[in-house]
Number of protein chains: 2
Amino acid sequence: MTSTARKPSRIQTENRKRIRDAALGLFSTHGFRGTTLDQIAEACGMHKPNLIYYYENKEAIHIDLLNTLMEEWLSPLDAMNPDGDPLEEILGYIRRKMEMSRLYPRESRLFANEIVQGAPRMLPHLESTLKPLFDRQCGILAKWMKDGKIAEMHPAHLIFSIWAVTQHYADFEAQISVLLPGDDKRARGADQFVEMMFRKVLTP
Amino acid sequence: MTSTARKPSRIQTENRKRIRDAALGLFSTHGFRGTTLDQIAEACGMHKPNLIYYYENKEAIHIDLLNTLMEEWLSPLDAMNPDGDPLEEILGYIRRKMEMSRLYPRESRLFANEIVQGAPRMLPHLESTLKPLFDRQCGILAKWMKDGKIAEMHPAHLIFSIWAVTQHYADFEAQISVLLPGDDKRARGADQFVEMMFRKVLTP
DNA sequence: CAAGTTTTTTACCATTTGGTAAAGTTACGA
DNA sequence: TCGTAACTTTACCAAATGGTAAAAAACTTG
């Protein structure tokens with residue numbers, strides 16, 4: 001029985017990464033169907049058949065991207081410490097989300113594209129990976145509320161609102177930059193507003 | 001000199017509408033590039049060349065959709081009355097936005113797709129139509145704040161947060177329905193949460 | 001360094017897709 | 001009701017696109 005999966009060589013690891021990086025930029029702004037293999041190839045300085053050498057097909061690149069990025073994208077949520085100070089834990093999470101919107105807008109938009117279009121390639125992953133994590137965090141929030149540490153509210157909707165507001169700055173940047181031009185202190189203004197907002201909401 | 005623009009016939013008006021309706025459903029879930037003329041044609045029971053008879057090309061359908069829907073999409077913002085009760089005016093706006101997320105998720109996702117991908121076909125429209133409206137509403141909010149009617153904060157970011165939270169329920173429905181299954185009272189829970197949230201934020 | 005293996009490149013192909021030409025059909029005003 | 005303009009359908013096409021075949025080049029290892 002021959003081994004079907006060999007461990008990847010140095011070149012393989014490197015080139016797959018180059019491909020993912022180029023594909024991330026393109027998929028996140030043009031969507032899956034709006035991106036061609038030729039575009040990806042040119043963006044990473046390779047030839048089209050070379051992409052297919054590393055990935056079975058176009059969809060495999062997209063799926064690998066989603067899977068690879070999913071866990072680091074969710075890691076801040078997992079970092080919420082049940083034994084820490086509730087308000088500070090949540091605000092810390094919000095700050096990390098704002099930071100990620102600023103540092104990794106491509107990742108944010110990649111997921112936004114995928115979800116807006118009905119998550120055709122990610123639904124199973126949402127079920128299996130995100131859902132348990134989400135439920136656990138809802139549990140932590142619920143306990144903090146029951147203990148009177150933060151205001152009582154529906155934990156799930158609280159998380160939704162945090163995601164909505166923080167990711168909005170990455171996903172809708174095209175709109176925001178039209179409505180609020182004069183770039184320099186926009187990020188700080190956003191951070192301050194969001195912190196103020198959730199502090200108010202969460203204070204019992 | 002022959003007239004270049006004739007007034008549209010009854011059939012023209014009807015069929016253009018049929019096309020727009022079919023295209024709205026497809027563009028909003030598959031994006032512009034992810035939707036084919038054949039799909040649109042089948043969805044509205046026409047043949048492909050017939051689409052081209054009514055619209056110059058595929059892009060013209062998309063542009064017409066965006067333009068046609070833009071103003072009704074923005075109308076609730078314009079309905080905010082500067083002389084009304086500030087808190088109630090804003091909460092009323094938020095309620096209408098939540099209602100629109102529920103009744104017109106296709107429109108919401110159409111715009112979301114467009115903006116996430118950098119608004120390639122809508123940037124001018126954002127500048128010319130949305131921006132003035134947005135600035136005016138920011139002015140109204142600022143005045144309410146100065147008068148001490150609502151809490152002091154950055155008006156633009158307040159509007160962003162309202163858009164983010166309300167549209168999130170339409171745009172990210174695929175995710176929400178995984179995380180919060182058992183559909184029946186989700187909409188009411190969302191309404192209640194959002195109202196509670198912004199009431200807290202806005203109360204001085 | 002020679003033999004084998006991995007990686008890259010060139011040339012190509014089948015399908016999809018946006019769009020056209022033109023004949024056929026229907027609606028409608030005089 | 002007849003002629004014309006509006007509309008629909010059939011048959012087609014060229015370009016774009018995802019993907020393949022196979023030779024050439026580069027790298028690895030005994």
Side-chain angles (χ1 to χ4, degrees), chain A residues 1-27 29-66 113 117 120-121, chain B residues 1-66 113-114 117 120-121:
Chain A
M1 201 179 194
T2 59
S3 67
T4 39
R6 334 177 67 77
K7 59 182 165 189
S9 71
R10 195 198 81 246
I11 292 182
Q12 250 175 57
T13 314
E14 281 176 11
N15 280 352
R16 273 175 211 257
K17 197 169 163 188
R18 264 172 69 198
I19 294 171
R20 277 199 303 271
D21 189 62
L24 173 57
L26 290 161
F27 284 146
T29 55
H30 305 303
F32 178 73
R33 291 285 305 272
T35 301
T36 69
L37 283 176
D38 285 304
Q39 286 176 307
I40 300 174
E42 201 201 324
C44 65
M46 286 174 151
H47 290 209
K48 189 165 57 172
N50 216 350
L51 299 183
I52 298 309
Y53 176 75
Y54 288 109
Y55 284 97
E56 200 178 344
N57 51 34
K58 183 176 149 186
E59 193 169 12
I61 303 177
H62 195 237
I63 291 175
D64 189 35
L65 259 183
L66 290 173
N113 258 302
Q117 306 197 358
R121 284 170 253 277
Chain B
M1 202 178 196
T2 58
S3 68
T4 38
R6 334 176 67 78
K7 59 182 167 187
S9 72
R10 195 198 81 244
I11 293 183
Q12 248 175 61
T13 314
E14 280 177 10
N15 281 352
R16 273 175 212 256
K17 197 169 163 190
R18 264 171 71 197
I19 294 171
R20 277 199 304 270
D21 189 64
L24 173 56
L26 290 161
F27 284 147
S28 66
T29 55
H30 305 304
F32 178 73
R33 290 286 305 273
T35 301
T36 70
L37 284 176
D38 285 304
Q39 286 176 306
I40 300 175
E42 203 202 323
C44 65
M46 285 174 151
H47 291 208
K48 188 164 58 171
N50 216 352
L51 299 183
I52 298 308
Y53 176 76
Y54 288 108
Y55 284 98
E56 200 178 345
N57 52 34
K58 182 176 150 187
E59 193 169 12
I61 304 177
H62 194 238
I63 290 175
D64 189 35
L65 258 184
L66 290 173
N113 259 303
E114 171 72 7
Q117 306 197 358
R121 284 170 253 277

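To find a chain, count down the sequence lines: A is the first, B the second, and so on, and within it residues start at 1. Source: prediction; values computed, not measured.
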Report summary line: Nearest-nucleotide check on DNA chain C, A:Gly45 vs B:Leu37; residue mapping nearer the 5' end is A:Gly45
In whole angstrom, what separates [X]'s [atom1] from [N]'s [atom2]?
| X | N | atom1 | atom2 | result |
| --- | --- | --- | --- | --- |
| B:Tyr53 | D:dA5 | OH | P | 12 Å |
| A:Arg18 | C:dT7 | CZ | C1' | 12 Å |
| A:His47 | C:dT8 | NE2 | C1' | 8 Å |
| B:Asn57 | C:dT20 | CG | P | 8 Å |
| B:Asn50 | C:dT25 | CG | C1' | 12 Å |
| B:Gln12 | D:dT8 | CD | P | 9 Å |
| B:Lys48 | C:dT20 | NZ | P | 11 Å |
| A:Leu51 | C:dT9 | CG | C1' | 13 Å |

**Report entry** Exercise: identify the closest heavy-atom pair between A:Ala23 and A:Ile61
**Finding:** CB-CG2, 3.6 Å
**Report entry** Minimum-distance pair of heavy atoms, taken over all atoms of A:Leu26 and A:Thr35
**Finding:** O-OG1, 3.2 Å
Report summary line: Between A:Asp64 and the options A:Arg16, A:Arg20, A:Lys58, the salt bridge (Lys or Arg N to Asp or Glu O under 4.0 Å) test singles out A:Arg20
Query raised in the report: Hey, which of these two, A:Arg10 or A:Thr35, hits DNA chain D nearer its 5' end, going by closest nucleotide?
Result: A:Thr35
Requested in this report: Considering just the side-chain nitrogens and oxygens of B:Arg33, establish if one lies under 4.0 Å of OP1 or OP2 belonging to C:dT16.
Outcome: no
**Report entry** C:dT6 OP1/OP2 closer than 4.0 Å to side-chain N/O of A:Asn15
**Finding:** no
Query raised in the report: Which value, rounded to the nearest 0.5 Å, describes the distance between B:Asn113 atom CG and A:Gln117 atom CD?
Result: 5.0 Å
**Report entry** Side chain of A:Pro49 (C-beta onward), nearest among C:dA11, C:dT7, C:dA27
**Finding:** C:dA11
